[in-house]
Protein chains: 2
Amino acid sequence: MATQAAGTDRPATIHDIAARCGVAASTVSRALSTPYRVNVRTRERIEAAAAALNYRPNIQAKALSSGRTSAVGVLVPDITNPFYFDLIRGTQLQLKAAGYTQLLVDTEESDEVEATTVDQLRKSADGIIVAASRLTDEVLLAAAATTPLVAINRDVPGVPAVIIDTPSATSQALDHLASLGHTRIAYIAGPTTSQSSTRRWAALAGAAEELGVEVRRLGPFAPKTQSGAAAADAAVYSGVTACIAFNDLIAIGMLQRLRERGLRVPEDMSIVGCDDIFGADFCNPPLTTMASPIEQAGRVAVSMLLAQLNALAGGGTRSRSVMPTHLTVRGSTGPAPAKA
Amino acid sequence: MATQAAGTDRPATIHDIAARCGVAASTVSRALSTPYRVNVRTRERIEAAAAALNYRPNIQAKALSSGRTSAVGVLVPDITNPFYFDLIRGTQLQLKAAGYTQLLVDTEESDEVEATTVDQLRKSADGIIVAASRLTDEVLLAAAATTPLVAINRDVPGVPAVIIDTPSATSQALDHLASLGHTRIAYIAGPTTSQSSTRRWAALAGAAEELGVEVRRLGPFAPKTQSGAAAADAAVYSGVTACIAFNDLIAIGMLQRLRERGLRVPEDMSIVGCDDIFGADFCNPPLTTMASPIEQAGRVAVSMLLAQLNALAGGGTRSRSVMPTHLTVRGSTGPAPAKA
DNA sequence: CAATCTTTGGCAATCGGTTGTCATTCGTTG
DNA sequence: CAACGAATGACAACCGATTGCCAAAGATTG
């Protein structure tokens with residue numbers, strides 16, 4: 001009903017400003033985007049008029065004519081996974097600070113959805129940040145060649161990336177378990193398409209040999225708490241005394257299942273998670289896990305992307321950033337049970 | 001380096017298709033958006049060409065000329081609050097299904113950021129969904145008058161809304177506690193700008209009188225786990241034996257704090273949370289809380305918004321939807337301690 | 001077979017900016 | 001005072017679609 005009282009009801013355009021100041025629209029455009037190209041006095045008049053009319057540039061039009069959309073797509077496999085909360089917040093904050101809009105898409109763990117989305121985003125975003133990509137190396141590389149892109153937790157030569165160094169923390173976790181006397185340990189694997197999972201397993205297998213402990217791989221399991229039940233059962237059946245889980249969700253699911261089965265953690269079974277997500281500190285028992293600066297990872301990813309965007313012809317932009325990780329010991333790990 | 005090999009390297013436009021088929025660009029546009037306006041044979045040729053050229057309409061251009069952006073802004077006060085995960089996923093799924101893009105913004109619990117964002121979104125989105133708005137009734141109403149808008153958990157006459165009926169669940173919670181013998185109960189209030197908090201308190205105060213129990217209000221507290229410590233201390237100091245917390249984050253924080261102080265839950269203090277967020281089922285002890293279909297709430301909000309968009313002149317669209325809520329009893333509530 | 005209606009598709013304006021080109025104006029210098 | 005160069009701002013094309021209007025072609029009817 002009650003629309004704006006004053007004069008024109010629809011948003012002001014540069015033409016309105018131009019008319020008001022008696023200059024051409026192009027001058028207004030320049031005054032606002034390339035100030036030094038316009039006389040100070042004219043510019044001030046224009047700025048005053050813009051303020052008076054409550055002028056806001058139309059993003060669509062800007063995007064159309066300039067080719068830049070001021071938007072960045074952020075793709076995550078599963079919005080409801082707490083791991084991504086901090087990541088999303090990190091990207092969001094950094095993007096907003098730089099004047100970009102974040103287009104957040106949940107790819108539902110599907111490489112197809114991911115590919116389609118990347119394809120669509122190619123034109124509606126200036127760049128893309130892909131977390132835990134499920135795409136093949138080739139597809140990802142091809143995408144990176146076409147569009148400014150930064151991957152998170154995905155290491156493909158030629159694709160700028162932020163890597164969270166979980167493999168090295170995985171070794172720490174193994175050390176930790178070995179020092180507690182565990183000799184039969186399971187790695188609860190994540191999706192086969194997850195490179196993080198693969199790399200962690202590799203690190204683990206190598207370290208196991210050095211330490212002289214036995215590590216077997218179980219899975220793959222979907223990275224959800226619900227998978228924890230199956231994982232726990234498999235672990236119990238395999239006779240191990242400790243597990244290193246692909247992520248905290250699975251680990252927490254395992255805790256629940258073990259409790260249901262009447263097994264005590266850590267007395268009967270030690271559990272190590274990964275990511276230190278929301279909940280890892282207050283589950284029962286609190287989860288020993290590999291923690292990393294996730295929000296910061298998101299921010300770094302944005303910085304790298306913006307560097308790509310701004311220095312398109314600038315040559316060497318840093319194309320790889322490794323985030324440190326460390327083991328946070330809590331209550332879910334303890335001495336190995338006495339041998340039966 | 002290696003750009004696309006085949007012919008043109010930049011994305012195909014309707015003009016490319018038009019040229020390829022020997023028709024005008026406008027015909028291509030019609031063939032694609034108003035099929036019945038174009039001869040079947042021509043249309044098929046155009047569709048074939050579009051497929052061959054891997055044509056994707058440019059969203060910016062579409063938005064500019066049609067005035068519709070195919071994007072919907074979703075505003076939440078705090079992305080890292082798990083409560084919003086499911087909400088976001090709900091809106092995301094429903095929006096994607098309808099061909100819309102979700103612009104997710106974290107307003108950081110700030111009414112200013114929220115107002116600014118709404119203002120900006122007015123032109124770059126077809127509609128807005130605001131969760132737990134911190135804006136005043138007037139501002140929200142004004143925004144809703146200008147832009148299609150749906151509020152979640154915010155009841156303002158004239159503003160279409162999805163309301164999660166926590167007040168009625170709050171009464172259930174009070175009944176539950178009273179039946180366990182609690183007579184001195186605290187309501188751990190959320191932000192003063194949160195209408196949910198206010199409405200719950202009102203429901204609680206009313207029900208308390210009927211039941212003949214004493215309910216006092218503590219707070220306000222920020223809806224974060226960190227606030228739980230202060231809340232727990234305040235509760236202990238006030239001498240109550242049970243607390244109903246504004247949300248699960250605070251409740252979980254309280255659990256942690258009480259444990260630190262050596263108090264047992266529920267033996268010494270019962271705690272009821274709200275929202276049944278991720279983590280409420282596996283914290284220690286598992287949290288008795290008020291659960292609601294949050295993802296569904298997100299979906300309903302989108303449906304209502306789309307109804308507004310499509311039936312702009314359609315008159316009566318349903319403008320209010322109340323989501324049922326129920327109490328989920330877990331381990332954090334128990335009989336009142338014997339009086340000292 | 002002519003008259004009329006309908007279908008079909010082209011032309012051109014438009015959305016709101018950006019940007020290359022060019023003419024004008026002003027100030028500076030010889 | 002003439003000449004030259006820099007600063008300034010206008011014009012117009014363009015980004016990629018949509019859409020109103022109109023003409024040509026085809027179909028229907030008397």
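All values derive from a computational prediction rather than experimental measurement. Per chain, numbering begins at 1; letters A, B, ... match sequence-line order.
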Starting at atom NE2 of H15(A), determine the distance to atom C1' of dC11(D), rounded to an integer number of angstrom. 12 Å

Gap between atoms NZ and C1', on K62(A) and dT19(C) respectively (whole Å): 14 Å

With nearest nucleotides of DNA chain C determined for A61(B) and V28(B) from heavy-atom distances, which residue corresponds to the more 5′ nucleotide? V28(B)

Considering only side-chain heavy atoms of T13(A), which listed nucleotide, dG16(C), dA17(D), dT19(D), is closest? dG16(C)

With the threshold set at 4.0 Å, does a side-chain nitrogen-carboxylate oxygen contact exist between R122(B) and D119(B)? yes

Note: G298(A) and T91(A) closest approach over all heavy atoms is O-CG2, 3.5 Å

Name the residue closer to the 5' end of DNA chain C, choosing between A25(B) and L64(B) according to the nucleotide with the nearest heavy atom. A25(B)

For the helix from dC1(C)-dG30(D) to dG30(C)-dC1(D), what angle separates the axis at the start from the axis at the finish, each from five pairs, in steps of 10°? 40°

Non-hydrogen atoms of M304(B) and P160(B) that approach each other most closely: CE-CB, 4.1 Å

I14(B) side chain, from C-beta outward: closest of dG17(C), dA17(D), dG10(C): dA17(D)

Can you tell me how far C1' of dC15(C) sits from NZ of K123(B), to the nearest Å? 13 Å

Taking the side chain as every heavy atom from C-beta outward, state whether Q92(B) and V105(A) have any pair of such atoms under 4.5 Å apart. yes

Counting only side-chain heavy atoms from C-beta out, which of dG17(C), dT19(D), dA17(D) sits nearest to S26(B)? dT19(D)

So, T69(B) and Q60(A): side-chain donor and acceptor under 3.5 Å apart, yes or no? no

Starting at OG1 of T117(B), measure out to CG of D106(B) and round the result to the nearest 0.5 Å. 9.5 Å

Listed in order of residue number, which residues of residues 29-50 of chain A have a non-hydrogen atom at under 4.0 Å from DNA chain C? S29(A), R30(A)

Taking the side chain as everything from C-beta on, heavy atoms only, tell me whether L104(A) gets closer than 4.5 Å to I88(A). yes

Can you check whether R30(A) reaches P35(A) side chain to side chain, under 4.5 Å on heavy atoms? no

Would you indicate which nucleotide in dG10(C), dT19(C), dT18(D) comes nearest to any side-chain atom of S66(B)? dT18(D)

Could you give the distance from CD1 (I129(A)) to CG (L87(A)), rounded to the nearest 0.5 Å? 8.0 Å

